[in-house]
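Written below as structure tokens is the structure these notes are about.
Excluded from the calculations below are hydrogen atoms, water molecules and symmetry mates; all remaining heavy atoms, backbone and side chain alike, are included.
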Amino acid sequence: MKYKEWKSVRKLNADEYICYISTHCEHITLDEPYKSDYYAGIRKAVVEAGNEIVIIDTIPLYLVQKPL
């Protein structure tokens with residue numbers, strides 16, 4: 001098995017961040033009006049903090065070959 005790792009930095013504004021977190025299962029399952037209120041609160045907080053979220057990722061990749 002081989003292991004590779006990449007570092008990544010993404011900068012998102014409030015609307016991009018809302019789109020990103022809306023793909024997470026915890027947020028998809030929220031019922032209305034909680035979902036809209038939650039996203040509005042997150043958006044407001046990001047805008048008030050400079051309208052930028054920085055996500056620093058480490059992306060792991062495990063390479064394995066199936067036995068012949």
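Atom CG of Leu12 and atom CG of Asn51 lie 10.5 Å apart (nearest 0.5 Å).
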Donor-acceptor list for residues 58-68 side chains, cut-off 3.5 Å, not counting sequence neighbours:
| residue | atom | partner | partner atom | Å |
| --- | --- | --- | --- | --- |
| Thr58 | OG1 | Lys7 | NZ | 3.1 |

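In this structure, Lys35 has no salt bridge (Lys or Arg N to Asp or Glu O under 4.0 Å) partners at least two apart in sequence or on a different chain. Taking the side-chain hydrogen bond (donor to acceptor under 3.5 Å, both in side chains) definition, one finds that Thr29 meets it with nothing, sequence neighbours left out. Residues that satisfy the side-chain hydrogen bond (donor to acceptor under 3.5 Å, both in side chains) test with Tyr3, not counting sequence neighbours, are Glu5. Partners of Asp57 by side-chain hydrogen bond (donor to acceptor under 3.5 Å, both in side chains), not counting sequence neighbours, listed by chain and number: Arg10.
Legend: side chain to side chain donor-acceptor pair (under 3.5 Å) pairs involving residues 12-23, not counting sequence neighbours, sorted by first then second residue: Asp15-Arg43. Screening residues 23-33 for salt bridge (charged side-chain N to carboxylate O under 4.0 Å, His left out) gives no qualifying pairs among residues at least two apart or on separate chains.
In the hydrophobic clustering of this structure, Tyr38 groups with Ile53; members are Ile, Leu, Val, Met, Phe, Trp, Tyr whose side-chain heavy atoms approach within less than 4.5 Å, directly or through other members. In the hydrophobic clustering of this structure, Ile21 does not group with Val47; members are Ile, Leu, Val, Met, Phe, Trp, Tyr whose side-chain heavy atoms approach within less than 4.5 Å, directly or through other members.
In the hydrophobic clustering, where aliphatic and aromatic side chains (Ile, Leu, Val, Met, Phe, Trp, Tyr) are joined below 4.5 Å either directly or transitively, Ile56 groups with Val9, Val54.
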